[in-house]
Amino acid sequence: MVFDFDGVLTDNRVWVTQDGAETVCCNRADGLGFSLLRAAGIPCVILSTETNPVVTHRAKKLGIPAVQSVADKGEAMRKICRDHGVDLAQVAFVGNDLNDLPAFRIVGRRLCPRDAAPEVRRLCDHVLRTRGGAGVVREIAVRFKQLFRSRRRSY
């Protein structure tokens, strides 16, 4: 499984301090969600267009590899799969905005938070019940069998 960061693992907001530092809010339930996915043998990666130390630090704490500074998520997804010998059809991608569309078009399963952009929701196999930053990974981990059993959309 591959996860976008902003808008999936966060609520898509950023706070900028007076010295220019950026901060975001992540949900601890996603930490448990990643643990559940890992225990089930499901490898996970974070894929972000941003270059931000917060992504690096959160990924390190979660024990998840992160690929940042990605201009084209479709090309980045192809490279990740090629490097790890994984068929794109076996990959699920969770994204929320227009820059995620190139990845959505080439993977086997597409999921998004409830508050994703309309263009993204239209392409998804499953629109999750959870909003971005509110425990998206935890929902996927708990509902994994239901979400991946069929192509029916969830709301």
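Computed from a predicted structure; not experimentally measured.
Hydrophobic clustering places Val107 together with Leu98 (ILVMFWY residues linked when any side-chain heavy atoms are closer than 4.5 Å, directly or through intermediates). No path of Ile, Leu, Val, Met, Phe, Trp and Tyr side chains, each step under 4.5 Å between heavy atoms, connects Val142 with Val8, placing them in separate hydrophobic clusters. Under the 4.5 Å side-chain heavy-atom criterion for Ile, Leu, Val, Met, Phe, Trp and Tyr, Phe148 and Leu36 are members of distinct hydrophobic clusters. Cluster annotation: Leu32 and Leu9 are assigned to distinct hydrophobic clusters (Ile/Leu/Val/Met/Phe/Trp/Tyr, side-chain heavy-atom contacts under 4.5 Å, transitive). Put simply, Val136 and Phe144 are part of the same group of oily side chains (I, L, V, M, F, W, Y) that touch within less than 4.5 Å, one to the next.
At least one side-chain heavy atom of Val91 sits under 4.5 Å from a side-chain heavy atom of Val86. Between Ile80 and Val45, some side-chain heavy-atom pair lies under the 4.5 Å cut-off.
When all heavy atoms of Gly7 and Asn96 are compared, the pair lying nearest together is CA-ND2, 3.5 Å. A pairwise comparison of heavy atoms in Cys81 and Leu88 identifies SG-CD2, 3.5 Å as the closest pair. Nearest heavy atoms, Asp4 versus Gly95: CB-CA, 4.0 Å. Shown here for Arg28 and Lys61, the closest heavy-atom pair between the two residues is NH1-NZ, 3.8 Å. Scanning both residues, Thr10 and Cys26, for their nearest heavy atoms gives CG2-SG, 4.1 Å. The shortest non-hydrogen separation linking Cys44 to Leu37 is SG-CD1, 3.8 Å.
Ion pair Asp100/Lys73 flagged as a salt bridge, since at least one NZ, NE, NH1 or NH2 atom sits closer than 4.0 Å to an Asp/Glu carboxylate oxygen.
Side-chain N/O atoms of Asn52 and Glu22 include a donor and acceptor closer than 3.5 Å.
Between Phe104 and Phe93, the ring-plane angle classifies as perpendicular under the 30° and 60° cut-offs.
The one candidate from Arg143, Gln146, Arg109, Glu139 that meets the side chain to side chain donor-acceptor pair (under 3.5 Å) condition with His126 is Arg109.
Within the 3.5 Å criterion, the main-chain N or O of Asn12 finds no donor-acceptor partner in the side chain of Asp6. Asp97 places no side-chain N or O within 3.5 Å of a backbone atom of Asn99 that could act as its donor or acceptor partner. Looking only at distances, a side-chain donor or acceptor of Thr17 sits under 3.5 Å from a matching main-chain atom of Ala21. A donor-acceptor pair is defined here as one N or O able to donate and one able to accept, closer than 3.5 Å; no such pair exists between the side chain of Asp115 and the backbone of Arg131. Between the side chain of Arg138 and the backbone N or O of Asp30 there is no donor-acceptor pair closer than 3.5 Å.
Separating the CG atom in Leu123 from the CG atom in Leu101 is a distance of 6.0 Å, to the nearest 0.5 Å. Distance check, rounded to the nearest 0.5 Å: CD of Glu50 to OG1 of Thr56 gives 11.5 Å. Rounded to the nearest 0.5 Å, atoms CG (Leu47) and CE (Met1) are 13.0 Å apart.
Taking the centre of each ring, Phe34 and Phe3 come in below the 6.0 Å mark.
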Steps toward side-chain contact (heavy atoms from CB on, under 4.5 Å) verdict (Leu111, Ile140): CA-CA 9 Å; Leu111 299 94; Ile140 292 168; 4.3 Å; yes

side-chain contact (heavy atoms from CB on, under 4.5 Å) between Val24 and Val55, worked out: CA-CA 9 Å; Val24 297; Val55 177; over 6 Å; no

